[in-house]
Amino acid sequence: MAASETVEIAIVGAGVVGLATALRLVADGREVLLIDPNEPGSGASFGNAGTIAEYACMPVGTPAVLRALPKLLLDPDSPFSLRWPALLQLAPWLVRFMRQSLPAATRANALALAGLLADALPAWEEMAGEADLDDLLRRNGCLYLYRRESDFAVGAGGRAMRAGFGIHQEVLTPEEVAALEPGLPATAAHGVYFPDSINVTDPAMVMRRLLGAVSARGASVKQAEITGLQVGADGVQLSGPGVRIKAGTVVIAAGARSRALAAQAGDRIPLETERGYHLEFQTDAPLLNRPVCPVDLGFYLTPMAGRLRVAGTVELGGLVAPPNPRRLALLDRGARQIFPGLGSPASQWLGFRPSLPDSRPVIGASRGSSRVIHAFGHGHLGLTLAPITARLVADLIGGRGDPARLAPFAAGRFGRRSTDVIDLS
């Protein structure tokens, strides 16, 4: 049996949320150990669309999605799909998702996300200064592209809701879209422009810089898989193959792999996995000036350093199955609708997003013990919300937390508590 080591705070998960949280905690003078079975920042934090999307308050589930859900799920080429062999496992999640897509729930979820997103850009600017990220950020907005009038009409509710929350957006004519993005093919498309949005030119480099900043300030990193969590009177025992760690406080920031650990802490969270894909195409010069999302295709085209990344869509279906070639082909065909002259993809990727039925992350103390803090379930907003989540977690650990601020993201909103101890080792 491995000898046990001790630490003040252990963070399980070294994606962007875990890294940002570690950076905030070491700034508070805390002793921090980051634990991840993989290279830090190598999962969804690496493979995302690279957008810091302070405008993205609309949850995945909305009345429009609910009305279209049968068609979406039955069409294997839709932006929202599932792996049918996983249907039995996904059924309870889908029932919750449909309830959260009703009008009142949609508004409540959008309001909660808008409140969290309101501080996302200042938090990112602060973290960029601390981790020397400024040269990797582009501050020239993001564009939603509506190629069909029917999609523009359907999006009216979302535009109105964002406007009501004070989110800066501009509705563009086709001529204004062409002036903003002259590289796009001529089209009659409308646009919605979010001028305050930021994007990153290299997510992998952002993660490496964050790791370097965390390590330089004294945090430790351990490559290990944590499968067991047990709360005691004087700390939390973490265990896994060849590892035993006792921590005064544990932060669960393991993304799509957080559910089992949360259950051992005392919280049954309806967390499922979205399988996210991207393709990259090498480019001699940028094809776009900023991220562009053709809303009918459901993915982003993001210019990055020397390449165009095509990332997005939703595929529900767990952590085990191999990449679905049909989803990669969908991205490829969609990208060629916009840029027919693209060469062959230079690389492809599959990663896992933690998805909750209401699209809100879980941030706050476990109902089982205040020694366990949840920081997972950010869905498509992990990159965007990482630094503000880090602030909230550090404030909670430091006794500065605002219970009202965290209430919409509490584990208790799901109404069930787990009393089972699950040891997957």
Side-chain angles (χ1 to χ4, degrees), residues 53-73 78-82 87 89-120 144 151 153-167 169 192 256 258-259 262 267-274 295 298 312-316 353-364 367 374-382 384-385 388-389 392 403-418:
E54 90 299 339
Y55 55 85
C57 66
M58 294 305 297
V60 175
T62 65
V65 169
L66 183 59
R67 288 191 295 271
L69 193 59
K71 181 178 183 296
L72 289 171
L73 294 180
S78 81
F80 189 110
S81 69
L82 60 80
L87 179 59
Q89 172 193 328
L90 290 169
W93 188 96
L94 286 168
V95 171
R96 285 179 174 267
F97 176 79
M98 288 187 288
R99 289 174 180 162
Q100 293 297 324
S101 300
L102 295 171
T106 296
R107 179 166 182 81
N109 294 332
L111 179 62
L113 288 171
L116 202 58
L117 288 162
D119 294 325
Y144 276 11
D151 292 327
V154 169
R159 294 193 294 276
M161 200 171 290
R162 287 192 296 266
F165 297 149
I167 293 171
Q169 59 183 352
V192 174
S258 298
R259 183 174 60 185
D267 299 298
R268 190 177 297 177
I269 308 295
L271 182 73
E272 279 298 343
T273 303
E274 287 184 26
V295 295
T313 77
V314 172
E315 183 191 45
L316 300 169
R353 304 188 198 103
S355 185
L356 289 157
D358 58 7
S359 295
R360 305 184 207 174
V362 182
I363 306 172
R367 286 176 291 176
H374 298 313
F376 61 84
H378 294 76
H380 297 246
L381 294 173
T384 301
L385 292 176
I388 192 62
T389 299
L392 293 170
R405 180 85 188 275
L406 290 175
F409 312 102
R413 73 184 190 266
F414 301 109
R416 295 189 298 171
R417 179 172 171 178
S418 173

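Hydrogens, waters and symmetry mates play no part in the numbers below; they use all other heavy atoms, side chains included.
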Write down the atom of [X], the atom of [Y], and the distance for their closest heavy-atom approach.
X	Y	result
V154	A64	CG1-CB, 3.9 Å
A110	M58	CB-SD, 4.3 Å
A256	T273	CB-OG1, 4.0 Å
P63	T106	CD-OG1, 3.4 Å
P357	P270	CD-O, 3.4 Å

Side-chain touch [X]/[Y], heavy atoms, less than 4.5 angstrom:
X	Y	value
L94	L82	yes
L66	F97	no
Q100	N109	yes
P361	T389	no
I363	L116	yes
L271	S258	yes
E315	F80	no
I269	L356	yes

Just list the side-chain donor-acceptor pairs under 3.5 Å for residues 158-167, sequence neighbours left out, or say none.
| unit_1 | atom_1 | unit_2 | atom_2 | d |
| --- | --- | --- | --- | --- |
| R159 | NH1 | F152 | O | 2.9 |
| R159 | NH2 | F152 | O | 2.9 |
| R162 | NE | Q169 | OE1 | 2.9 |
| R162 | NH2 | Q169 | OE1 | 3.3 |

Under a 3.5 Å distance rule, please check whether [X] uses its side chain to pair with a backbone N or O of [Y] as donor and acceptor.
X	Y	value
W93	S355	yes
S78	L72	yes
R259	E272	no

Could you check whether the rings of H374 and F376 sit parallel, tilted or perpendicular, using 30° and 60° as the cut-offs?
-> perpendicular
What's the separation between atom [atom1] in [X] and atom [atom2] in [Y], rounded to the nearest 0.5 Å?
X	Y	atom1	atom2	answer
L111	R360	CG	CZ	8.5 Å
S359	H378	OG	NE2	12.5 Å
L381	E54	CG	CD	10.5 Å

Is the shortest distance from a Lys or Arg side-chain nitrogen in D119 or R405 to a carboxylate oxygen in the other one below 4.0 Å?
-> yes
Before accepting this row, confirm whether a basic side-chain N of the pair R413/D358 lies closer than 4.0 Å to the acidic partner's carboxylate O.
->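 A salt bridge links R413 with D358.
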